[in-house]
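Taking it in order: structure first as structure tokens, then the write-up.
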Number of protein chains: 2
Amino acid sequence: MYEKYVKTLKDHSIKITSQRLEILKYLNEHHTHPNVEEIYSELKKKHPSLSRTTVYNSLEILKKNKIVQSLTISGSELRYDIEESLHHHFLCKKCGAILDISITCPNMDRTLDGGHRVEEVQGYFKGICKNCQTTEKGRRTNG
Amino acid sequence: MYEKYVKTLKDHSIKITSQRLEILKYLNEHHTHPNVEEIYSELKKKHPSLSRTTVYNSLEILKKNKIVQSLTISGSELRYDIEESLHHHFLCKKCGAILDISITCPNMDRTLDGGHRVEEVQGYFKGICKNCQTTEKGRRTNG
DNA sequence: TACTAAATTGTAATAATATCAAATTAGAAA
DNA sequence: TTTCTAATTTGATATTATTACAATTTAGTA
């Protein structure tokens, strides 16, 4: 059940705690780019002793180890994502969904403007998602 | 002195106030992507009656009119930038500078993943800027 | 010049995140 | 397996960025 998350933590020499395993599992099963509050309140249901600070701390150490990444696309709070292959993100201005976008940026791994060393690239696209466009046209509700 | 900013506001049918003119002027003369606090405290020096709320409000209306744009690249607060030609941004992890990057993204003005309508694109590059690399090697201080 | 809707101001509220000290626990060492 | 200690978790409190709001002021029209 948790073997793969145990392995991930071990591989990075991070102490294995149930809180960290639960957070990793949650992110792995919910690719919706949740914020801290969502992760906290969801996990709190099954693990009432969980503290919000632990969620912040855990995400921080996972981020330092490049196991997760944080996104600032929403503008008001950090959103979290399991780090997999490089991908970018699309924010729907209507429904708020954050979607993974599988394009590659030709400027990754390069030196910019004659000397700036690039270590990370985040591409944020904003607009109206496919589903919301359909809703607009067809006057259907989103549920 | 302020004619160009007056024109900008008039062109967008935004009421002309000295506060808005000062903010526009500040952004036009400081392409450092300042946050609200920087803009506020700088302008407050010459205009002691200025309120922080006014800075927030003004930036908001300027943003709605696409005269300025806000960046979330720093992660903790919004940074502001005069909207000019499309460009992207580089954040130096060492000195914190945010620099304009003049590459064009081939995915702008397109439909992504078979249907998401793209209206805005922000490319965030993070790493070590040219200047900080020199400092590293040469062991010079940044001043 | 007078009027009114909109903008400015300052205070207070909210939301996200950071700090910190006390209690708990993972995992190394005995 | 038990003991020990450094690291982690917890919860309370602090801080920071931003928003809400009511009273005052002002831009721009009539």
Side-chain angles (χ1 to χ4, degrees), chain A residues 2 5-24 26 33-65 67-68 70-80 96, chain B residues 2-3 5-24 26 33-65 67-68 70-80 96 98:
Chain A
Y2 291 91
Y5 311 118
V6 170
K7 180 174 186 331
T8 301
L9 295 179
K10 274 194 177 149
D11 287 350
H12 290 266
S13 310
I14 301 173
K15 246 185 201 176
I16 293 150
T17 69
S18 59
Q19 294 86 342
R20 289 169 181 174
L21 294 174
E22 291 296 338
I23 290 168
L24 270 183
Y26 186 82
H33 313 89
N35 60 19
V36 169
E37 198 55 32
E38 286 167 49
I39 298 169
Y40 169 72
S41 57
E42 271 310 304
L43 297 183
K44 183 96 178 170
K45 290 178 186 170
K46 296 210 173 167
H47 305 271
S49 73
L50 181 66
S51 159
R52 218 182 307 260
T53 301
T54 298
V55 179
Y56 277 101
N57 289 344
S58 299
L59 289 169
E60 191 55 34
I61 195 172
L62 294 173
K63 189 159 85 174
K64 272 190 190 140
N65 282 273
I67 298 167
V68 306
S70 65
L71 311 178
T72 61
I73 194 170
S74 92
S76 55
E77 83 268 280
L78 295 180
R79 299 302 197 109
Y80 290 88
Chain B
Y2 290 91
E3 299 83 10
Y5 311 118
V6 169
K7 181 175 187 325
T8 301
L9 296 180
K10 273 193 178 150
D11 287 351
H12 290 267
S13 311
I14 301 173
K15 247 185 200 175
I16 293 151
T17 69
S18 60
Q19 293 86 344
R20 289 171 182 174
L21 293 174
E22 290 296 339
I23 290 169
L24 270 183
Y26 186 83
H33 312 90
N35 60 18
V36 168
E37 199 55 32
E38 286 166 50
I39 298 169
Y40 169 72
S41 58
E42 271 310 304
L43 297 183
K44 183 97 178 169
K45 291 179 185 168
K46 295 210 174 168
H47 306 271
S49 73
L50 181 66
S51 160
R52 216 182 309 259
T53 301
T54 299
V55 179
Y56 277 101
N57 289 343
S58 299
L59 290 169
E60 189 56 32
I61 196 173
L62 293 172
K63 190 160 84 173
K64 272 190 189 141
N65 282 273
I67 298 168
V68 307
S70 65
L71 310 178
T72 61
I73 193 170
S74 91
S76 56
E77 83 269 280
L78 294 180
R79 299 303 197 107
Y80 290 88
I98 297 173

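The residue among B:G75 and B:V55 whose nearest nucleotide of DNA chain C is located toward the 5' end is B:V55.
At a threshold of 4.0 angstrom between heavy atoms, the contacts of A:N57 include nucleobase atoms, whether or not backbone atoms are also involved.
Residues B:Y2 and B:E22 come closest through the heavy atom pair OH-OE2, 2.6 Å. The minimum heavy-atom distance between A:L78 and B:G75, with the atom names listed, is CD2-O, 4.2 Å. Pairing each heavy atom of B:Q19 with each of B:L50, the nearest pair is CG-CD1, 3.8 Å. Residue A:S51 comes nearest to A:Y40 through the heavy atom pair C-CE1, 3.7 Å, listed as atom of the first residue, atom of the second, then distance. Pairing each heavy atom of A:I23 with each of A:S58, the nearest pair is CD1-CB, 3.5 Å. When all heavy atoms of B:L59 and B:V68 are compared, the pair lying nearest together is O-CG2, 3.9 Å.
To the nearest 0.5 Å, atom OG of residue A:S41 and atom CD of residue A:E38 are 7.0 Å apart. Distance CD1/B:I67 to NE2/B:H12: 4.0 Å, rounded to 0.5 Å. The distance from the NZ atom of B:K44 to the OG1 atom of B:T54 is 9.5 Å, given to the nearest 0.5 Å.
Protein atom CD of B:E60 is 18 Å distant from nucleotide atom P of D:dA17, rounded to whole Å. D:dT18 atom C1' lies 18 Å from atom CD1 of B:I61, rounded to whole Å.
For DNA chain C, the contact window with chain A, defined by any atom under 4.0 Å from a protein heavy atom, covers C:dA16 to C:dG27 in 5' to 3' order.
Between the axis at the start and the axis at the end of the helix from C:dT1-D:dA30 to C:dA30-D:dT1 there is an angle of 30°, using five pairs per end and rounding to 10 degrees.
A donor-acceptor contact under 3.5 Å is formed by the side chain of B:T53 with the base of D:dA20.
In the region residues 9-20 of chain B, proximity to DNA chain C at under 4.0 angstrom, judged on heavy atoms, holds for B:K15, B:T17, B:Q19, B:R20.
Applying side chain to side chain contact (heavy atoms under 4.5 Å, CB included) to A:R20 and the options A:V55, A:T8, A:N57, A:L9 leaves one that passes, A:L9.
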